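Report on the structure given below.
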Amino acid sequence: MTDQSFHELRLEGVSRRYGAHHALADLTLSIKGTEFVALLGPSGCGKSTALNCVAGLLPLTAGSIHLDDRRIDTVLPEKRGFGMVFQNYALFPHMSVRKNIGFGLRMRKLSKADATRRIDEAVALVQLEEHQHKRPGQLSGGQQQRVAIARAVALQPPVVLMDEPLSNLDAKLRLEMRMEIRRLHQDLGLTTIYVTHDQEEALSMADRLVVLREGEMQQFGTPEEVYDQPANGYVAGFMGYRNLLHLDVERADAEHVVLAGPGLRVVGANRGEVTAGRAVAAIRPEDFVVGEVDGNALPVTVQIAEYHGRELSVEATTSTGTKIYFRTQERVAPGDELTLGVPRHRVLVFGTGGADEAAGTAEAAAS
Amino acid sequence: MTVAVTAGGRARTTSLRHRLAERGVDRTLLLLAPALAFVLVLFIYPFAYGLQLSFTPAEGGGALANYREFFSDPYLRNTIWKTLGLGLPAALLNVLASVPIAYLMRGKVRGKRTLTTLLVVPITLGTVLTAQGLLMYAGPAGWLNKLLIVLHITDQPLPLVHNWTGVFLSLVITGFPFAFLLTLSYLSGIDPSLEKAAATLGAGPWERFRRVTMPLLAPGLAITFTLSFVLAFSVFPSAQLVGKPAGQTRVLSIAAYDAAFQKFDYSMGCAIAIIMAVVMLLVIALVMVWRATLYRGSTGGKG
């Protein structure tokens, strides 16, 4: 359906400042045609700012945006022609579903027959035939979302921008729409930039994802890369490394680091060229096992055990009160004393650098 | 047998109460009583009394004598056109002028609070003080005319007061802030992302305003116009003070006042007041009929 194919959407040093505050600092990205890229980060990390800059709704403070050889950051949003799906859908409440979808076609002054045909296609694409003459107010949230998507793709835009489109839907619908959006992306050969604070959404939908923090890019890679090899403690915290232990470096070589703290000693893989001083050990709750592994033995007391079907999600504390989160299939109960082990290569050691915030925001996003 | 009947009867009463409650009829309705009494004593009764009075002319001649006299006497009849000739343009200008200004100020604008505060001042001053100010400022020996003469824009003082212009200016000064504040609140109720969406769909500034903002704002403008019109239509102090109450700006309220308190013909005064209400209601009805054809649902914003 897309006839405006291109090779590369390039962001070069894109920055956006509000007074002294950097909402987005020096973002450089290259997005290939037909790629699905997710911008991931907690609220206030600059991901929506980046999207609005690409759409042309926010002027850049510095930098430039290019579509192949054409510089587009100076082009007005109405001339840029990127489709956008808003978090609150932003459907025109006084127009029917068909009129909403046809709005862009009308602005392009398409002939009536052409417009009708393309509206029909777009309506069929999102399966809203029954509802096409209703107004947005008469539709459910999921249906409104479909209209918003149909409206954004009806113009066959070179790039579709989505700003947390699923955040107002309930959990079940979100899973359905996730697949639907991915299906549309593939079937129509779209190039999609998708903003979300939900790491699961980003990992499951995107070809590549950008992790942002306070306006700065932390990592840009495929879901596998970001999930398995987070670039730093912050990304690790966002990718499900819920345990971020700040400890002193006891010994370090190129491969391994031994960290120690009150009542704790961990051996892990050196991921941040750590040599001495303080460091962060990032461990996923599901990598812990009961009993010593690879010389890692953490004595803990179980505080809270949540039932999650096959396994329990447990909050435990060390003798000095450091919280450890782990998952286990064993039936532990509050008050139990255990020794936890974790394979060395599953402990990622990074230099200190705001990893705690990430864990905090990731938790907030998950809850 | 008797027992069964009583039980059945009780069941019926409870179900009646239940059915009434479902339609919102229950004891909380009693809370309306004070308001109803207030409206009845201070509005319905005086209105009915006045209506009745208007049909009992002081000099006899049948129930409709006052109305017949009003419509057969061109001096009286023309007060309708004079009032409309002031109220309609003033209300229209107030609404039309408030749209672009409110549109520019709908977002975060520096000094927005200062400006809105400044605009509220004329409302609080009231028409009499405004009229006084106008007389001093725009009168034949006022600063405005002096300045215009000094600048050689005119060699004679412009007749800005004691005529239609004076009353019109006064209605704009007192009515515009009101229309502006209402329009601004209607505009801020429209979700700003709608215009952004329209922009990404290829609509330029004018198209965005015409196809998205204006249709959503129009019902609010209808209300704003109606209220502005009612305010301007019942003009009395400024018509008396900065107008020409015997001629150009002899509006309905002045005619009614003259009849009732100069000629002591309360009956005629009431008849004119009723005519005034009917004309006002006709205009409002027209506007509301137009408004009914518009989209009046949610505008997506917080408002």
Side-chain angles (χ1 to χ4, degrees), chain A residues 18 48 51-52 54-58 75-96 99-110 122 134-139 144 147-165, chain B residues 99 102-104 106-112 183 185-225 287-303:
Chain A
Y18 293 103
S48 289
L51 202 70
N52 279 296
V54 175
L57 297 171
L58 266 181
V75 177
L76 288 171
E78 58 261 35
K79 296 278 183 322
R80 209 172 289 193
F82 287 3
M84 182 144 173
V85 179
F86 293 78
Q87 185 170 6
N88 62 356
Y89 319 138
L91 298 176
F92 307 125
H94 56 299
M95 297 181 194
S96 69
K99 287 251 171 69
N100 262 284
I101 294 174
F103 186 87
L105 302 169
R106 192 165 170 192
M107 291 299 113
R108 288 274 179 83
K109 310 229 157 49
L110 246 71
K134 290 186 186 166
R135 289 221 175 106
Q138 297 163 283
L139 303 180
Q144 292 188 30
V147 179
I149 293 171
R151 185 177 68 174
V153 301
L155 276 175
Q156 308 176 355
V159 178
V160 177
L161 310 165
M162 301 199 184
D163 191 359
E164 308 215 22
Chain B
V99 174
Y103 191 67
L104 291 176
R106 71 198 187 286
K108 279 184 194 155
V109 178
R110 197 173 299 199
K112 183 173 176 176
T183 308
S185 79
Y186 279 115
L187 257 177
S188 357
I190 298 175
D191 182 358
S193 64
L194 294 180
E195 278 200 46
K196 290 187 186 168
T200 63
L201 291 167
W206 169 243
E207 291 285 331
R208 298 203 283 271
F209 177 75
R210 192 167 74 101
R211 296 190 187 276
V212 178
T213 310
M214 201 53 201
L216 294 173
L217 182 62
L221 287 185
I223 298 288
T224 310
F225 175 81
V287 176
M288 289 299 131
V289 165
W290 171 67
R291 184 175 180 268
T293 63
L294 303 172
Y295 168 81
R296 280 160 299 146
S298 139
T299 50
K302 293 167 292 194

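Computation of the quantities below employed the complete heavy-atom set of this structure, encompassing side-chain atoms and omitting hydrogens, waters and symmetry-equivalent molecules. Not measured: the values here are computed from a predicted model. Note on naming: letters A, B, ... go to the chains in the order of the sequence lines (proteins, then strands), and numbering restarts at 1 for each one.
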Would you give the length of the straight line joining atom [atom1] of [X] to atom [atom2] of [Y], rounded to the nearest 0.5 angstrom?
X	Y	atom1	atom2	answer
A:F86	B:L194	CZ	CG	9.0 Å
B:K196	A:D163	NZ	CG	9.0 Å
B:E207	A:R106	CD	CZ	8.0 Å

Donor-acceptor contact present, side-chain A:H94 to main-chain B:L294, <3.5 Å:
no
If you compare all heavy atoms of [X] against all heavy atoms of [Y], which two are closest, and at what distance to 0.1 Å?
X	Y	result
B:R211	A:M95	O-CE, 3.6 Å
A:F103	B:A203	CE2-CB, 3.8 Å
A:M107	B:L201	CB-O, 3.7 Å

More than 12 heavy atoms of other residues, nucleotides or ligands under 6.0 Å from NZ of A:K79: yes or no?
no
Toward chain B, the part of A:R135 with a non-hydrogen atom under 4.5 Å
side chain
Under 4.5 Å from any heavy atom of chain B, what part of A:L91 do you find: side chain, backbone, both or neither?
backbone
